[in-house]
Amino acid sequence: MNLLVTGGAGFIGSNFVHHVLEHTDHSVTVLDKLTYAGNRASLDGLPADRFRFVEGDIIDAELVDRLFAEHDAVVHYAAESHNDNSLDDPRPFLDTNIIGTYTLLEAARRHNRRLHHISTDEVYGDLELDDPARFTEDTPYNPSSPYSSTKAGSDLLVRAWVRSFGVQATISNCSNNYGPYQHVEKFIPRQITNVLRGERPKLYGTGENVRDWIHADDHSSAVLTILEKGVIGETYLIGADGEKNNKDVVELILSELGQPSDAYDLVTDRPGHDLRYAIDSTKLRAELGWTPRFSDFEAGLKETIRWYQDNEAWWAPQKDATEARYTAQGQ
Ligand code: NAD
Ligand code: DAU
């Protein structure tokens, strides 16, 4: 297949592109606007005969139309992805996540192309810490933030275009990813790079919030599985049973980097902060036969810490500006 990958210069998109080129014969074109979150260097060294990069906006209907005509299938990662930014300025989230997805759906309709839409578990809202339930494909949508509400809106657009216009689309909602190439604004890279720079990690609130961690490479293998075997119109939840609270994660990072486990600061909490996410991925495992490779979070985290130690040239240019933004927010 000749795949078009939107947002392929971002964290999860770039991991997917590396995964596809390593494990399949598919060719890949990345369409990416290179916002502050996109990094061309995350795609360095890929084979020129199977990989092409196009800088552009998914809202540009003419460009999108031309690219859809040239490709067999589209995997749609492009988004504004950071909750804290969405609280500061929601507008870009509406433009890219809603209008951008609409633009792709219209092109998929015109060209009758297969589309896989990447979404998040945050569309389901949050769970209590002691709730025995986890999110399933049947959990009602209840998003909390401008970010998650625009992702929920984009999912609903996909469902409507499947039903009303017969667009050949699938959706996946994944839990929190970790791994190489993640921007230093996000929780795990922020804390690792703080410690590497001699700064203290910053925990929002009391650090009790729980996230369900999955390695980005496992997210990639799940998306490839859905692209190849998924049933049109269906939604699949992706998760790897990786629930941990934020305090435990920070303590693991500190201990791996030889620091006292209490050498962190508690800072101003995120407004509307979701308490807990947890994914039940039974449908994906039972119906499509997918299993994650990184079953040991601590081992995956150690590998990720090593990647940031070895790739300071990749993250250092973003670090000061990111921390200046957090300082302005009291975080
Ligand atoms: P990211 O912010 O690291 O990357 C987003 C990429 O999209 C960047 O390369 C950016 O330049 C590009 N982009 C933004 N606006 C664009 C536009 N208008 N046109 C073209 N390109 C544009 O995000 P990420 O963490 O890699 O997330 C990728 C996708 O996965 C998003 O849809 C997100 O909602 C979803 N997701 C993320 C997680 C997670 O833990 N990070 C979990 C589940 C789902
Ligand atoms: O669940 C999937 C979602 O995971 C994706 O849809 C989002 O794109 C992705 O950004 C992520 O959202 P979160 O808000 O969970 O991720 P973030 O890395 O911003 O924060 C993870 C947790 O850590 C959250 O409880 C907030 C907390 N946190 C975050 C930062 C940046 C801190 O305690 N300190 C911090 O400095």
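Order of appearance sets the numbers: ligands from 1, and atoms from 1 within every ligand.
- The 4.0 Å heavy-atom shell around ligand 1 contains residues G7, A9, G10, F11, I12, D32, K33, L34, T35, A37, G38, G56, D57, I58, Y77, A78, A79, S81, T96, I118, S119, T120, Y147, K151, C174, S175, N176, N177, ordered by chain and number.
- Using modelled atom types and a 3.5 Å distance limit, the side chains of N83 and E122 yield a donor-acceptor pair.
- Across all non-hydrogen atoms, the minimal contact from I214 to W290 is CD1-CH2, 4.2 Å.
- The closest non-hydrogen atom to atom 35 (C) of ligand 2, taken over Q191, R211, Q331, comes from Q191.
- Ion pairing of R40 with E55 is absent here, as no side-chain N (NZ or NE/NH1/NH2) approaches a carboxylate O to less than 4.0 Å.
- If you check each of Y326, Y204, W213 against atom 29 (C) of ligand 2, the one with the closest non-hydrogen atom is Y204.
- More than 12 non-hydrogen atoms from other residues, nucleotides or ligands lie less than 6.0 angstrom from CZ of F51.
- The closest heavy-atom contact to atom 5 (C) of ligand 2, among the options F135, Y178, Y147, comes from Y147.
- Near N83, meaning under 4.0 Å from one of its heavy atoms, ligand 2 places the atoms 12 (O), 13 (P), 14 (O).
- Among C174, S145, G205, S81, the residue whose heavy atom sits closest to atom 8 (O) of ligand 2 is S81.
- Within ligand 2, the atoms closer than 4.0 Å to a non-hydrogen atom of Y277 are 1 (O), 15 (O), numbered from 1 in the order shown.
- Comment: E62 does not engage R66 in a salt bridge, judged by the lack of any side-chain N to carboxylate O separation of less than 4.0 angstrom.
- Here atom 17 (P) of ligand 2 lies nearest to R270 when heavy atoms of H273, E208, R270 are compared.
- Ligand-side atoms of ligand 2 in range of H82: 19 (O), range being under 4.0 angstrom from any heavy atom.
- Shown in contact with K202 at under 4.0 Å from a heavy atom are these atoms of ligand 2, numbered in order with element: 32 (C), 33 (O), 34 (N), 35 (C), 36 (O).
- Side-chain atoms of N177 and H215 include no donor-acceptor pair closer than 3.5 Å.
- Side-chain contact between K283 and Y236 is present, with at least one heavy-atom pair separated by less than 4.5 Å.
- Checking K151, K186, H183 against atom 10 (O) of ligand 2, the nearest heavy atom belongs to K186.
- Close approach of ligand 2 to T120 is summarised as follows: ligand atoms under 4.0 Å from at least one heavy atom of the residue are 1 (O), 2 (C), 3 (C), 5 (C), 6 (O).
- The E185 neighbourhood of ligand 2 comprises atoms 31 (C), with distances under 4.0 Å to a heavy atom of that residue.
- A side-chain donor-acceptor contact under 3.5 Å links E185 and N85.
- Using a cut-off of 4.0 Å between Lys/Arg side-chain N and Asp/Glu carboxylate O, E208 and R276 are scored as not salt-bridged.
- Classification of K33 and E80 as a salt-bridged pair fails, no side-chain N sitting under 4.0 Å from a carboxylate O.
- Between the side chains of D84 and H82, at least one donor-acceptor pair of N or O atoms lies under 3.5 Å.
- Residue L203 has no nitrogen or oxygen atom sitting less than 3.5 Å from a nitrogen or oxygen atom of ligand 2, judged on distance alone.
- Under the 3.5 Å distance criterion, with hydrogens and angles disregarded, a donor-acceptor pair is assigned to the side chains of R114 and T170.
- Close contacts of ligand 2 with D121, meaning ligand atoms under 4.0 Å from a residue heavy atom, involve 1 (O), 2 (C).
- Atom CG of D296 has more than 12 heavy atoms from other residues, nucleotides or ligands within 6.0 Å.
- Residue contacts with ligand 2, taken as heavy atom pairs separated by less than 4.0 Å, involve R190 solely via side-chain atoms from C-beta onward.
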